[in-house]
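Chain naming here is simple, since letters A, B, ... match the order of the sequence lines and numbering starts at 1 in each. As a basis for the values below, the full set of heavy atoms in this structure was taken, side chains included, without hydrogen atoms, waters or symmetry mates.
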4 protein chains.
Amino acid sequence: MAYRSTERTEQHRLARSEALVAAGHEIVAEQGFGAATIARVADRAGVSAGTVYTYFPDKTALSAAIFDRAAGIELDTVRAAVGYGTEARLATPAQQRLDALVRVFGARALRGRTLASALLFEAADVGVERERLVFRRGYTETVAEILSDGVREGSLVADRLDLLAPAIVGALGEAFIRPLMPGPASEPEAVLDTLAAACQRLAGFATFEPPGAGMNLG
Amino acid sequence: MAYRSTERTEQHRLARSEALVAAGHEIVAEQGFGAATIARVADRAGVSAGTVYTYFPDKTALSAAIFDRAAGIELDTVRAAVGYGTEARLATPAQQRLDALVRVFGARALRGRTLASALLFEAADVGVERERLVFRRGYTETVAEILSDGVREGSLVADRLDLLAPAIVGALGEAFIRPLMPGPASEPEAVLDTLAAACQRLAGFATFEPPGAGMNLG
Amino acid sequence: MAYRSTERTEQHRLARSEALVAAGHEIVAEQGFGAATIARVADRAGVSAGTVYTYFPDKTALSAAIFDRAAGIELDTVRAAVGYGTEARLATPAQQRLDALVRVFGARALRGRTLASALLFEAADVGVERERLVFRRGYTETVAEILSDGVREGSLVADRLDLLAPAIVGALGEAFIRPLMPGPASEPEAVLDTLAAACQRLAGFATFEPPGAGMNLG
Amino acid sequence: MAYRSTERTEQHRLARSEALVAAGHEIVAEQGFGAATIARVADRAGVSAGTVYTYFPDKTALSAAIFDRAAGIELDTVRAAVGYGTEARLATPAQQRLDALVRVFGARALRGRTLASALLFEAADVGVERERLVFRRGYTETVAEILSDGVREGSLVADRLDLLAPAIVGALGEAFIRPLMPGPASEPEAVLDTLAAACQRLAGFATFEPPGAGMNLG
DNA sequence: GATGAATGAGCCTTCATTCAT
DNA sequence: AATGAATGAAGGCTCATTCAT
């Protein structure tokens with residue numbers, strides 16, 4: 001009766017909720033989590049501040065949702081690029097997949113530094129910190145899969161993947177995202193090349209000639 | 001007389017300023033930059049909030065000064081451990097010095113996570129971000145010196161030290177300070193060993209047997 | 001047909017309205033008027049917040065209706081216990097009826113403190129305050145009837161029943177409902193006995209031996 | 001140096017704090033605790049809202065202070081009227097002192113109903129509720145002292161003073177403060193007379209001829 | 001120079017009420 | 001008649017900054 005809801009309505013709810021998260025995503029990408037106040041997010045979504053509370057119980061939940069969306073997109077892109085979790089991935093040598101991972105991650109990070117920094121480093125809500133853990137674990141698992149594939153295929157000798165994988169994730173985050181040294185900015189290409197090679201060494205692969213993009217680089 | 005007076009005054013100014021920065025350092029080490037409000041710093045220094053503005057034009061400047069002090073101490077300790085900038089450093093192989101750097105840095109970071117996290121990651125004032133750049137450059141230069149010493153002594157083949165050095169710094173920061181994966185926490189010793197080895201590889205050194213503490217570890 | 005429809009509609013209206021008030025009653029009994037927000041009441045009644053405004057012009061009116069219902073039930077129970085307004089009441093001595101009133105009131109209040117407190121004391125809407133007046137008048141009239149019956153039967157000498165009756169009501173409310181003095185809590189039985197006796201004196205009856213429950217205690 | 005504080009300053013602090021509490025007192029007396037918001041109190045004290053937090057840690061503390069002041073004045077007045085805690089009190093018969101208590105309490109309550117109601121009944125902050133307990137205990141102790149003096153002097157036979165005393169306090173509060181029955185308002189004098197007599201009976205004193213004011217009635 | 005009280009903008013959150021559907 | 005999303009005015013609280021003394 002009236003409203004014929006649960007279809008149109010539910011869709012609307014999702015759209016609104018999505019709009020709020022999208023607005024938050026934009027703000028975080030531009031200015032970091034510190035700028036993502038309830039009022040600002042609501043305003044950018046074209047909605048009043050009170051309305052936010054129809055969709056999220058509190059700021060922590062909104063922040064977490066924003067983080068989830070932003071980080072999820074990043075992680076999915078990287079995973080797609082290396083065939084994470086697929087059978088098909090084994091058709092490509094592990095070393096080449098690590099190379100792809102570094103390049104996809106790096107290219108995106110260099111393009112959107114504020115966002116990358118917010119996702120990886122910015123101190124924020126408890127909600128964000130909780131999600132961050134999940135997100136980092138996701139990256140670490142992705143790297144770990146590649147490394148253990150490498151071990152299995154014989155191209156890599158390594159123990160303590162539990163320490164090596166996060167170290168690689170860390171090196172990536174740090175090297176790509178942190179504002180690099182002032183002075184003549186290196187061209188992105190050179191940065192990518194060097195760090196891809198460094199990660200190969202870090203992982204323990206033998207020297208590697210980058211193959212040109214053989215996979216989807218997102 | 002006038003001069004004298006000015007001198008005394010100047011000394012007093014310095015002492016006060018120093019007391020404020022020291023108080024801030026303590027607070028940041030205990031609770032991060034988020035807790036270092038003007039009122040709290042002034043209070044811990046035994047001074048009124050208004051007085052802070054006699055010594056620093058605004059909060060940004062105070063935060064920057066606090067950062068400088070805290071980060072400076074860390075950097076100096078690491079540099080002392082590897083003989084940065086001294087003639088004497090050349091008596092020790094580069095690879096061994098890199099090992100020392102990793103271990104000193106890591107040991108301090110693991111001991112004082114809040115401070116380390118604040119210095120490396122915590123979102124903060126513009127002032128802090130600016131200083132952070134300087135600080136990271138300091139580390140990078142320290143690593144770079146070791147690497148180029150290695151090249152000179154023939155133990156290392158590497159170009160693009162400008163990219164390699166920050167990658168090493170980044171890997172260190174990330175791997176030591178971020179909350180590691182949930183699950184069984186590795187013992188600090190194992191962490192240090194593994195990361196030291198990984199950094200050797202990252203740098204491009206051949207495999208290395210850690211030598212027992214041959215240098216001052218601060 | 002038209003009439004029928006109207007009747008059905010009217011019945012429906014009443015049912016809805018009643019459901020809202022009942023929901024409010026529950027909430028007030030559990031958590032007081034402060035918890036009886038429009039949204040909460042509507043939700044518990046299985047109705048949307050907007051719908052409330054179809055039945056009540058504003059929150060004040062809803063609160064008043066809730067109060068009316070809750071207080072009405074209490075008052076009716078007490079009145080039934082003392083035969084208020086019936087011919088039959090005169091078969092029981094006034095003093096014994098006052099005893100019954102005190103015990104019924106007290107027992108219910110001790111059992112449901114939150115509700116009792118909400119009805120008697122909780123600061124609330126203008127609407128509630130207005131109804132509270134009616135409610136208290138109801139109690140006062142009940143006591144007054146007993147007292148004047150007592151005068152008529154010769155067991156009591158009193159003028160100014162208009163002042164005596166509310167004083168008795170007040171003593172009841174206060175003594176039973178307010179958190180009693182800290183320290184060893186008296187057992188409910190003792191409290192009931194003592195206050196029943198005190199009310200006898202307050203009313204002006206001679207000493208009275210409580211008779212065992214001679215009336216319906218609801 | 002500068003400010004020569006701790007004398008002038010401390011005095012000023014006290015004055016301001018006092019001004020805030022006084023402003024709160026006024027508001028509560030006029031409109032109850034519900035109206036005593038931080039902003040409103042600050043405004044009436046001629047101060048900004050933020051300033052309140054210089055003097056009170058949070059709203060609970062401010063409310064408690066307001067309550068303390070208002071209730072303290074009332075209690076002190078009543079106690080002075082009955083010689084509470086003094087040796088001199090024993091010169092006056094207990095029954096007469098109870099009479100004085102009722103009249104002083106009642107007269108003040110009838111003069112300032114909103115305040116009395118706020119102090120005795122209004123649901124409010126945790127801070128207020130906590131203080132209210134103390135305040136009620138104060139009244140109860142005052143009544144209890146009179147009653148036990150009466151027992152000692154032989155004019156009264158009573159056990160369970162622990163229940164009788166609060167019942168008297170309750171009766172007073174209720175009968176004087178609650179809006180009495182609508183209709184022709186009784187003259188205050190008659191109300192006082194009747195309730196004073198009722199309280200004598202409630203306490204268990206024999207009939208008593210009111211003596212004309214023999215004590216300070218505040 | 002030092003003080004520290006005062007300020008006021010800004011943050012998160014709640015809730016009675018309205019209105020297009 | 002019913003819906004329930006949206007509103008916007010409060011409310012409590014924090015903190016960098018100013019200024020009379």
To the nearest Å, give me how far apart [atom1] ([X]) and [atom2] ([N]) are.
X	N	atom1	atom2	value
B/Arg16	E/dA2	CZ	P	6 Å
A/Leu20	F/dT7	CG	P	10 Å
A/Tyr53	F/dA10	OH	C1'	14 Å
B/Asp43	E/dT3	CG	C1'	14 Å
A/Lys59	E/dT13	NZ	C1'	13 Å
B/Ile38	E/dT3	CD1	P	14 Å
C/Arg40	E/dA16	CZ	C1'	13 Å
B/Phe56	F/dT17	CZ	C1'	16 Å

Report task. With DNA chain E as reference, determine whether C/Asp58 or D/Val47 sits nearer its 5' end, using the nearest nucleotide of each. Result ->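 Counting from the 5' end, the first nearest nucleotide belongs to D/Val47.
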Query raised in the report: Toward the 5' end of DNA chain E, which comes first, A/Pro57 or D/Ser48, by nearest nucleotide?
Result: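 With A/Pro57 and D/Ser48 compared, the 5'-side residue is D/Ser48.
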Query - Residue closer to the 5' end of DNA chain F, C/Tyr55 versus A/Thr54 (nearest nucleotide) - result: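 Between the two, 5'-proximity favours C/Tyr55.
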Query - Nearest-nucleotide comparison on DNA chain F, the residue closer to the 5′ end among D/Gly50 and C/Gly50 - result: C/Gly50
Query raised in the report: Parallel under 30°, tilted from 30 to 60°, perpendicular over 60°: which one fits the rings of C/Phe33 and C/Phe67?
Result: parallel
Query raised in the report: Any side-chain heavy atom of A/His25 sitting closer than 4.5 Å to one from A/Ile73?
Result: yes
Report task. For residues C/Thr114 and C/Glu30, determine if any side-chain heavy atom of one lies less than 4.5 Å from a side-chain heavy atom of the other. Result ->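 SC-SC contact between C/Thr114 and C/Glu30 ruled out.
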Report task. Starting at the 5' end of DNA chain E, write a dot or bracket for each base, bracketing those in Watson-Crick or G-U wobble pairs whose two distances are under 3.5 Å and using | for partners on another strand. Result -> .||||||||||||||||||||
Requested in this report: For D/Leu14, check side-chain contact (heavy atoms from CB on, under 4.5 Å) against everything at least two apart and list the hits.
Outcome: none
Query raised in the report: Can you find a side-chain donor-acceptor pair between A/Thr51 and A/Ser48 that sits under 3.5 Å?
Result: yes
Query raised in the report: Just by distance, do the side chain of A/Ser17 and the backbone of A/Arg13 share a donor-acceptor pair under 3.5 Å?
Result: no
Query raised in the report: Where the side chain of B/Asp68 meets the backbone of B/Ala71, is there a donor-acceptor pair that is under 3.5 Å apart?
Result: no
Query raised in the report: Base, sugar-phosphate, or nothing for C/Thr51, non-hydrogen atoms under 4.0 angstrom?
Result: base
